[in-house]
Amino acid sequence: MKSITFWLILLLGTVSCTSLPKIDPVNPLTMPEIHKRCSDVFPQGKWRFVHLIEFTMPGNKKSFVIGITVISPEERKIESVIMTIEGFVFLDAYYDQKVVINRGIPPFDSIDFARSMMDDIKLMFFKPEGSLVESGMSGDGSHVCRYKNDADSVIDIITNKGCNWEIQQYNPGGTLIKTVKADHCKKEPGSPNKIGFPGRIELASRGINRYALVFELKEAKRLIKD
(Lines give C-alpha, C1' and ligand atoms only; values in the text may rest on other atoms or scores of the structure.)
Protein backbone atom coordinates (compact mmCIF):
# COMPACT_ATOMS: atom_id res chain seq x y z
CA MET A 1 0.00 0.00 0.00
CA LYS A 2 2.83 2.36 0.89
CA SER A 3 4.49 1.55 -2.45
CA ILE A 4 1.31 2.42 -4.37
CA THR A 5 0.99 5.69 -2.45
CA PHE A 6 4.60 6.58 -3.23
CA TRP A 7 4.20 6.00 -6.96
CA LEU A 8 0.89 7.91 -6.98
CA ILE A 9 2.54 10.92 -5.38
CA LEU A 10 5.43 10.69 -7.84
CA LEU A 11 3.04 10.49 -10.79
CA LEU A 12 1.03 13.49 -9.62
CA GLY A 13 4.23 15.46 -9.13
CA THR A 14 5.34 14.59 -12.65
CA VAL A 15 2.01 15.62 -14.17
CA SER A 16 1.86 18.92 -12.28
CA CYS A 17 5.40 19.96 -13.22
CA THR A 18 5.65 21.81 -16.52
CA SER A 19 8.79 21.44 -18.64
CA LEU A 20 10.65 24.53 -19.79
CA PRO A 21 10.89 25.11 -23.56
CA LYS A 22 13.84 23.34 -25.13
CA ILE A 23 16.85 25.40 -26.17
CA ASP A 24 18.82 23.93 -29.06
CA PRO A 25 22.63 24.23 -29.01
CA VAL A 26 24.41 26.46 -31.53
CA ASN A 27 27.95 26.96 -32.75
CA PRO A 28 29.98 28.18 -29.72
CA LEU A 29 31.45 30.93 -31.90
CA THR A 30 28.02 32.56 -32.14
CA MET A 31 27.49 32.67 -28.35
CA PRO A 32 28.99 36.16 -27.82
CA GLU A 33 26.63 37.62 -30.44
CA ILE A 34 23.62 35.87 -28.87
CA HIS A 35 24.54 37.18 -25.43
CA LYS A 36 24.97 40.68 -26.84
CA ARG A 37 21.52 40.57 -28.45
CA CYS A 38 20.00 39.55 -25.13
CA SER A 39 21.81 42.39 -23.33
CA ASP A 40 20.70 44.91 -25.97
CA VAL A 41 17.09 44.33 -24.91
CA PHE A 42 17.71 46.33 -21.72
CA PRO A 43 18.44 50.08 -21.51
CA GLN A 44 21.78 51.34 -20.27
CA GLY A 45 22.12 54.45 -18.13
CA LYS A 46 19.45 56.50 -16.39
CA TRP A 47 16.28 57.10 -18.43
CA ARG A 48 12.85 58.62 -18.06
CA PHE A 49 10.03 57.04 -20.03
CA VAL A 50 6.51 58.32 -20.57
CA HIS A 51 3.99 55.69 -21.67
CA LEU A 52 0.31 55.61 -22.42
CA ILE A 53 -0.75 52.43 -20.61
CA GLU A 54 -3.80 50.36 -21.45
CA PHE A 55 -5.02 48.09 -18.64
CA THR A 56 -7.09 45.00 -19.38
CA MET A 57 -8.48 43.29 -16.29
CA PRO A 58 -10.61 40.14 -15.87
CA GLY A 59 -13.95 40.62 -17.62
CA ASN A 60 -12.16 42.43 -20.48
CA LYS A 61 -12.52 45.78 -18.68
CA LYS A 62 -10.10 48.35 -20.13
CA SER A 63 -8.82 51.71 -18.93
CA PHE A 64 -6.00 54.10 -19.86
CA VAL A 65 -3.46 55.90 -17.68
CA ILE A 66 -0.17 57.74 -18.10
CA GLY A 67 2.95 56.18 -16.61
CA ILE A 68 6.13 58.15 -15.94
CA THR A 69 9.04 55.88 -15.08
CA VAL A 70 12.63 56.73 -14.19
CA ILE A 71 15.00 53.77 -14.20
CA SER A 72 18.63 53.35 -13.16
CA PRO A 73 19.49 49.80 -14.31
CA GLU A 74 23.03 49.80 -12.94
CA GLU A 75 21.75 50.74 -9.47
CA ARG A 76 18.47 48.84 -9.92
CA LYS A 77 16.45 51.86 -8.80
CA ILE A 78 13.00 52.86 -10.04
CA GLU A 79 10.78 55.91 -9.65
CA SER A 80 7.24 55.57 -10.94
CA VAL A 81 4.21 57.85 -11.17
CA ILE A 82 0.84 56.65 -12.45
CA MET A 83 -1.75 59.29 -13.31
CA THR A 84 -4.98 59.73 -15.17
CA ILE A 85 -5.02 61.17 -18.70
CA GLU A 86 -6.07 64.48 -17.09
CA GLY A 87 -2.99 64.48 -14.82
CA PHE A 88 -4.41 63.33 -11.46
CA VAL A 89 -1.71 61.30 -9.65
CA PHE A 90 -3.02 58.20 -7.90
CA LEU A 91 0.32 56.48 -7.27
CA ASP A 92 3.81 57.85 -6.69
CA ALA A 93 6.33 55.25 -5.56
CA TYR A 94 9.97 54.29 -5.81
CA TYR A 95 12.09 51.17 -5.49
CA ASP A 96 15.56 51.02 -3.95
CA GLN A 97 16.03 47.57 -2.42
CA LYS A 98 12.48 47.97 -1.11
CA VAL A 99 9.25 49.62 -2.30
CA VAL A 100 8.21 52.97 -0.79
CA ILE A 101 4.92 54.74 -1.57
CA ASN A 102 5.12 58.55 -1.55
CA ARG A 103 1.48 59.04 -2.49
CA GLY A 104 -1.29 56.53 -3.04
CA ILE A 105 -5.01 56.89 -3.58
CA PRO A 106 -7.06 53.83 -2.48
CA PRO A 107 -7.02 51.12 -3.69
CA PHE A 108 -3.67 51.95 -5.32
CA ASP A 109 -2.03 52.72 -1.96
CA SER A 110 -1.57 48.99 -1.38
CA ILE A 111 2.06 47.97 -0.92
CA ASP A 112 1.27 44.69 -2.69
CA PHE A 113 0.03 46.59 -5.75
CA ALA A 114 3.11 48.84 -5.76
CA ARG A 115 5.43 45.86 -5.34
CA SER A 116 3.75 44.03 -8.23
CA MET A 117 4.10 47.14 -10.40
CA MET A 118 7.80 47.40 -9.59
CA ASP A 119 8.27 43.70 -10.39
CA ASP A 120 6.72 44.32 -13.83
CA ILE A 121 9.01 47.30 -14.46
CA LYS A 122 12.08 45.28 -13.46
CA LEU A 123 11.01 42.45 -15.74
CA MET A 124 10.66 44.84 -18.70
CA PHE A 125 13.73 47.04 -18.22
CA PHE A 126 16.31 45.33 -15.98
CA LYS A 127 18.62 42.50 -16.92
CA PRO A 128 17.55 39.43 -14.91
CA GLU A 129 19.20 38.74 -11.60
CA GLY A 130 20.78 35.34 -11.22
CA SER A 131 22.99 33.29 -13.50
CA LEU A 132 22.96 32.76 -17.25
CA VAL A 133 22.51 28.98 -17.27
CA GLU A 134 21.79 28.23 -20.93
CA SER A 135 21.67 29.92 -24.32
CA GLY A 136 21.10 28.89 -27.90
CA MET A 137 18.22 28.78 -30.36
CA SER A 138 14.51 28.05 -30.05
CA GLY A 139 12.52 25.90 -32.44
CA ASP A 140 11.45 28.90 -34.54
CA GLY A 141 15.03 30.16 -34.98
CA SER A 142 14.98 32.87 -32.31
CA HIS A 143 17.98 33.32 -30.02
CA VAL A 144 17.41 32.55 -26.34
CA CYS A 145 19.27 33.37 -23.12
CA ARG A 146 18.00 31.60 -19.99
CA TYR A 147 18.58 32.98 -16.49
CA LYS A 148 17.88 31.27 -13.16
CA ASN A 149 17.92 33.00 -9.77
CA ASP A 150 18.49 31.63 -6.27
CA ALA A 151 14.76 30.88 -5.88
CA ASP A 152 14.85 28.69 -9.04
CA SER A 153 12.67 31.11 -11.00
CA VAL A 154 13.58 31.21 -14.69
CA ILE A 155 13.55 34.08 -17.18
CA ASP A 156 14.06 33.52 -20.91
CA ILE A 157 15.16 36.41 -23.13
CA ILE A 158 14.10 35.68 -26.72
CA THR A 159 15.43 37.93 -29.48
CA ASN A 160 14.76 38.31 -33.17
CA LYS A 161 15.79 41.06 -35.57
CA GLY A 162 15.54 44.67 -34.40
CA CYS A 163 13.68 45.24 -31.16
CA ASN A 164 11.19 42.45 -31.69
CA TRP A 165 11.98 40.60 -28.49
CA GLU A 166 10.15 38.63 -25.84
CA ILE A 167 10.68 37.85 -22.17
CA GLN A 168 9.12 34.79 -20.55
CA GLN A 169 9.09 34.31 -16.79
CA TYR A 170 8.56 30.87 -15.20
CA ASN A 171 7.96 29.89 -11.60
CA PRO A 172 10.16 27.20 -9.94
CA GLY A 173 7.72 24.53 -11.15
CA GLY A 174 8.31 25.51 -14.77
CA THR A 175 4.92 27.17 -15.30
CA LEU A 176 4.85 30.29 -17.48
CA ILE A 177 3.57 33.17 -15.31
CA LYS A 178 4.41 36.35 -17.26
CA THR A 179 5.26 37.35 -20.81
CA VAL A 180 6.61 40.60 -22.23
CA LYS A 181 6.54 41.24 -25.98
CA ALA A 182 8.09 44.27 -27.66
CA ASP A 183 8.12 45.75 -31.17
CA HIS A 184 7.90 49.05 -33.13
CA CYS A 185 11.48 50.24 -32.62
CA LYS A 186 12.14 53.90 -31.82
CA LYS A 187 15.73 55.15 -31.90
CA GLU A 188 16.20 57.76 -29.17
CA PRO A 189 19.03 60.36 -28.89
CA GLY A 190 21.64 59.46 -26.31
CA SER A 191 20.92 55.74 -26.34
CA PRO A 192 23.89 53.38 -26.83
CA ASN A 193 21.34 50.71 -27.71
CA LYS A 194 21.60 50.19 -31.48
CA ILE A 195 18.22 48.46 -31.80
CA GLY A 196 16.35 51.37 -30.21
CA PHE A 197 13.58 51.27 -27.66
CA PRO A 198 10.34 49.43 -28.34
CA GLY A 199 7.50 51.78 -29.20
CA ARG A 200 5.06 49.18 -27.91
CA ILE A 201 5.36 46.66 -25.09
CA GLU A 202 2.71 44.10 -24.15
CA LEU A 203 2.90 42.52 -20.70
CA ALA A 204 0.59 39.68 -19.67
CA SER A 205 0.35 38.10 -16.23
CA ARG A 206 -1.21 34.64 -16.08
CA GLY A 207 -2.93 32.75 -13.32
CA ILE A 208 -5.92 33.55 -11.12
CA ASN A 209 -5.28 37.32 -10.93
CA ARG A 210 -4.47 37.69 -14.59
CA TYR A 211 -4.12 41.07 -16.28
CA ALA A 212 -2.67 42.59 -19.44
CA LEU A 213 -0.86 45.89 -19.99
CA VAL A 214 0.05 47.62 -23.24
CA PHE A 215 2.70 50.36 -23.05
CA GLU A 216 2.83 52.86 -25.91
CA LEU A 217 6.02 54.93 -25.74
CA LYS A 218 5.43 58.68 -25.87
CA GLU A 219 8.81 59.96 -24.70
CA ALA A 220 12.23 58.61 -23.75
CA LYS A 221 14.86 60.93 -22.30
CA ARG A 222 18.40 60.16 -21.15
CA LEU A 223 19.06 61.66 -17.71
CA ILE A 224 22.38 62.73 -16.29
CA LYS A 225 23.34 60.48 -13.43
CA ASP A 226 22.89 62.14 -10.03
Visitor: So which heavy atom on C145 is nearest to which on S135, and how close?
Guide: CA-CB, 4.2 Å
Visitor: Working to the nearest 0.5 angstrom, can you tell me the gap between S138 OG and I23 CD1?
Guide: 8.5 Å
Visitor: Does the pair K77/E79 count as a salt bridge with the N-to-O cut at 4.0 Å?
Guide: no
Visitor: With W47 as reference, evaluate F125, F126, F197, F42 under the ring pair (Phe, Tyr, Trp, His ring centres under 6.0 Å) test and give the passing residue.
Guide: F197
Visitor: Do the side chains of M137 and H143 get nearer than 4.5 Å, heavy atoms only?
Guide: yes
Visitor: Does a salt bridge link K36 with D40, judged by any charged N lying under 4.0 Å from a carboxylate O?
Guide: yes
Visitor: Identify the heavy atoms of E129 and N149 that sit nearest to each other, and give their distance.
Guide: O-CB, 3.9 Å
Visitor: Tell me if a side-chain donor or acceptor on E74 pairs with a main-chain N or O of G45 at a distance below 3.5 Å.
Guide: yes
Visitor: Between the side chains of E134 and K148, is the shortest nitrogen-to-carboxylate-oxygen separation below 4.0 Å, so that they form an ion pair?
Guide: no
Visitor: How many angstroms lie between CG in L132 and NE2 in H35, if you round to the nearest 0.5 Å?
Guide: 4.5 Å
Visitor: So, for K178 and L176, which heavy atoms are closest and what is the spacing to 0.1 Å?
Guide: O-CD1, 3.5 Å
Visitor: Once rounded to the nearest 0.5 Å, what's the spacing between atom CD1 of I78 and atom NZ of K122?
Guide: 6.0 Å
Visitor: Specify the closest pair of heavy atoms between I158 and S142, including all atoms of both residues, with the distance to one decimal.
Guide: CG2-CB, 3.5 Å
Visitor: Test: side-chain hydrogen bond (donor to acceptor under 3.5 Å, both in side chains). Region: residues 84-100. Which pairs qualify, not counting sequence neighbours?
Guide: T84-E86, D92-N102
Visitor: Please report the interatomic distance CZ(R37) to OG1(T30), rounded to the nearest 0.5 Å.
Guide: 9.0 Å
Visitor: To the nearest 0.5 Å, how far apart are CD1 in I201 and CG in L217?
Guide: 7.5 Å
Visitor: side-chain hydrogen bond (donor to acceptor under 3.5 Å, both in side chains) between S110 and D112: does it pass, once the steps are laid out?
Guide: CA-CA 5 Å; S110 162; D112 289 335; 4.6 Å; no
Visitor: Quick check for you: to the nearest 0.5 Å, what is the distance between I71 atom CD1 and S80 atom OG?
Guide: 11.0 Å
Visitor: Name the one of F55, F88, F90 that satisfies ring pair (Phe, Tyr, Trp, His ring centres under 6.0 Å) with F108?
Guide: F90
Visitor: Side-chain heavy atoms under 4.5 Å apart, restricted to Ile/Leu/Val/Met/Phe/Trp/Tyr: what other residues fall into the cluster of V81, or is it alone?
Guide: V50, L52, F64, I66, I68, M83, I85, V89
